[in-house]
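Below: the structure, in structure tokens.
All of these numbers come straight from a predicted model, not from anything done at the bench.
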Amino acid sequence: MLLILYIPFILASYLYENSTLITQTMFHEREDNPMYNLSVLSTYESYNQLDIKIEDLQKRQFYIPSDIEPFKTIYNDIINPIPCSHYDYETKIDESPFKFNVIRTDTQETMLSLYDIIVSEYYSEFTIKIPTKYFFGLGERNQKGFRFKEGIYTLYAKDVPQLLEDGKQPGKGVYSSHPVYLMRERSGKYHVFFFKNTSPMDVIYKDDKLTFKYIGGILQLKLFLGDYDPETAIKLYHSYLGGWALHPFWAMGYHHSRWPIKSSQKLKEYVYKHKELDIPLDTIWSDLDYMNDRQIFSVDEMRFLKNDFEEIQNKLGVNYIPLIDVAVGVKYGKQDKGFREGINLDIFLRSPNTGQRFRGKVWPGASYFPDFFHPNCSTYWRTMVKHLYQSTNFSGLWIDMNEPTNFCDGECDQQSGREKWNATMDYTDVNETYKNNHIRFPYIPGVSPLERMTLPPNLFHYGKYLHKDVHNIYGLQESYETYQAQKEIGKPLPFIISRSTFPGSGHFTQHWEGDNEASYTFLYLSVGSTMQFNIFGIPMVGADVCGFLDNTTPKLCARWVQLGSLYPFFRNHNNDRAKDQEFYSLGDEVLLAARRNIKLRYSIMKWYYSLFLRSNHTGTIFRPVFFEFNDDVNLFKDDVLDTQFLIGDELMAAPILIEGQTIRKAYFPKAYWYHFLSGSRLQKIEDSGQEHFVMCKYTDYVPLYIRGGSIILQQNITQVKSIKDLKNHFYAVIAIGEKDSFGTIIDLDEFSDQKIADKCDQLNCILNVNFSQQENQAEFTIVRADNGGPAAYPLFITRLKVYGLSPSQTIKCSSNKIVECSYSNENTFPYVSNILLNEGIGLEFGETTGVFKLTLQFS
């Protein structure tokens, strides 16, 4: 459908004084801000995917280039769709005034009405009417609460630690921009909305309207229509983005970092201390300290010895991840390889004022910034990553400051005082084509100057792309180049943690939630933030446990390790001005809480990782509870949305997040629920959803509950120091539900990156585990998910721990393999049954010739 519009030459402008709105005016088109004649094109891409594009007829607006990487890999726009016999939506246009409506076919509910459209070169806006207040997304923001609430919000990647969102100006968006939300319609069905635009923007939410105000780029909206399961729409969106990257298995382990760790000897001491105190550890990290005077891609070889890196990784069996900032220090000139290669390949950004290389300041001092649009930048970045690998043999990379952050507001030589440019190694050759005039914007998203702590909006990237248009995708571009560099050095599953992200980043990178604060507020909001990034398509995510900024406290850290042990990405990290917060440095209670909860994580780690594999690159892992119980209105209350979550569809957590509490209320929707560790049953399927009191001391395990109908294969972790100690021995925790119980586990004998890439990433290596019960008989079966055959590798199960099974006097076992069993019933909880299988025989599925089946006879 193509509609030509002509919009009068009028747009809104706002005049600010000291960041306060003092007046609103209207003005006509001016020479430096032309209005456009527009085309409206709606493309029915599939029966459940719609694209709406409103752009200048002469195509003068910025659009994400689809012919260069990484963009041609991640955005699966359908240019010439095949017509469908049925569509889940219909569109309707009102002409006077103009309004574009999208209606769900079966319910006749209007999902979106688009109107009040203004488009010009440096200011555009549109409004959409939305069906309900239950929508989630539009980040990244440090907002205390998962549901999007009324206010004005800025989406512009900025380094602003500890900034709490209050829905007021000046804008408080942080490291990433994700103009995406998940909407629950009045019918209970869901859709995902994606405004495919990289510009800085404000989103104003009031009543039932969202108004987007932005300063460049075409108006392109994508709608992904799901059903009553939120996961359906989310998976469509993730598929459009190319899916998210699978991380290595070792990345599921516990990560320890500290700024500073000033030598490789100190790194080893941290590793040995964790082993000595029986705290499992899989990865040790370096912040800036390993570098030579904070020059990226360099290593201070006097303090960080290559032999020590080899000892950490090969002898101690711990992975190593160093940090890479994005700006290259100039103070050593061509003595520094990163600087020298950048000059030789001419990949540094240039100043709009002088045409010389843009002068910024970051941790090394005076700095240049790579231009990831430059065709030589791929060669540069991959060369330098390989250079760093030769020095450290790193396992993965941590990319930071990539919003990009600049300690000057714009160019440093335009400043005075301490931020004035001061570099003796400056290269002053001029390229006139990069000069550009200052842009007088009619409207500034977020009120604060766009160049504050970053690059100026009028700076040109290679290809004449204005920085205002590509600022929000700078981190995405760096993530892509870092991913490709790791592939080239032989990493089958590159692991990258990036601070700045944009839709599609998850195809290459994972994320941590930035420089958080050691406070109960940031502990609380991390639940919603982690669920948000699962919607955004980056499920391997987490906040720095115990807080990065300020001093933590023992009680706060104990609560955070309880919660953090369930984050997909689990790292303790803090800053150079805070006191030590290694778990063993905060007292015996924190040490006990850490040891217990980290070992709990390791006991279910193979099951946890199987969630990523069975999702096949799309969908959520760390999820709101309503994702499984969409009809329960109680789950949409903020105290439930913000403080309870699911892992997969099997486990629900209710951590304590409020200072001073040891007892909380938690809501349990209608289902069988059992305490995961004890097996005590909280409620039956016949019971309606109920609140229960949950008690949790600071040294306890995190409150964790298994849903009836689930099976989780757990492991004994008594002697486990890292994931390398996890053998293929399991016991099955079976929670009886209304029908059969179901679970999954991974069919591998060892979990190396290469083995996972070969056997699991593109193939199905999942085993389905079932437990079915009829009267006095039950069957426990394990079978491959892809072909219904036996497991490919040996797998040993020594015990069935069944929750909810009626007490019996005896149980007899029979199977297609010689199996002996004994039975015990725990007196404390009469519905917890332990069926011990002969320890010497086990169940070696790799040796069987068919599907394994264990039959249990009760009497």
Would you say [atom1] of [X] has more than 12 non-hydrogen atoms from neighbouring residues, nucleotides or ligands within 6.0 angstrom?
X      : atom1 : answer
Lys133 : NZ    : no
Lys149 : NZ    : yes
Lys209 : NZ    : yes

Do [X] and [Y] have a side chain donor and acceptor closer than 3.5 Å?
X      : Y      : value
Ser505 : Ser479 : no
Thr154 : Arg141 : no
Asn630 : Tyr190 : yes
Tyr156 : Asp202 : no
Tyr567 : Trp560 : yes
Ser498 : Asn402 : yes
Gln162 : Asp550 : yes
Glu140 : Ser177 : no
His238 : Thr618 : no
His255 : Trp285 : yes

Separation between [atom1] of [X] and [atom2] of [Y], rounded to the nearest 0.5 Å:
X      : Y      : atom1 : atom2 : answer
Leu138 : Gln143 : CG    : CD    : 10.0 Å
Asp208 : Glu150 : CG    : CD    : 9.5 Å
His467 : Leu455 : NE2   : CG    : 4.0 Å
Lys172 : Ile152 : NZ    : CD1   : 10.0 Å

Self-check item: salt bridge (Lys or Arg N to Asp or Glu O under 4.0 Å): pairs with one or both residues in residues 519-543, sequence neighbours excluded
Solution: none
Taking 4.0 angstrom as the limit, do [X] and [Y] come out as a salt bridge?
X      : Y      : result
Lys665 : Glu691 : yes
Asp638 : Arg147 : yes
Lys555 : Glu589 : no
Asp515 : Arg499 : yes

Looking at [Y], does the NZ or CZ of [X] lie under 6.0 angstrom from its six-membered ring centre and within 45 degrees of the ring axis?
X      : Y      : answer
Arg258 : Tyr270 : no
Lys144 : Tyr524 : yes
Arg577 : Trp259 : no
Arg559 : Tyr698 : yes

Quiz item: Who are the ring pair (Phe, Tyr, Trp, His ring centres under 6.0 Å) partners of Tyr480, not counting sequence neighbours?
Solution: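 Ring pair (Phe, Tyr, Trp, His ring centres under 6.0 Å) list for Tyr480, sorted by chain: Phe508.
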Practice problem: Assess the pair Phe622 and Phe533: is the distance between their ring centroids shorter than 6.0 Å? | Solution: no
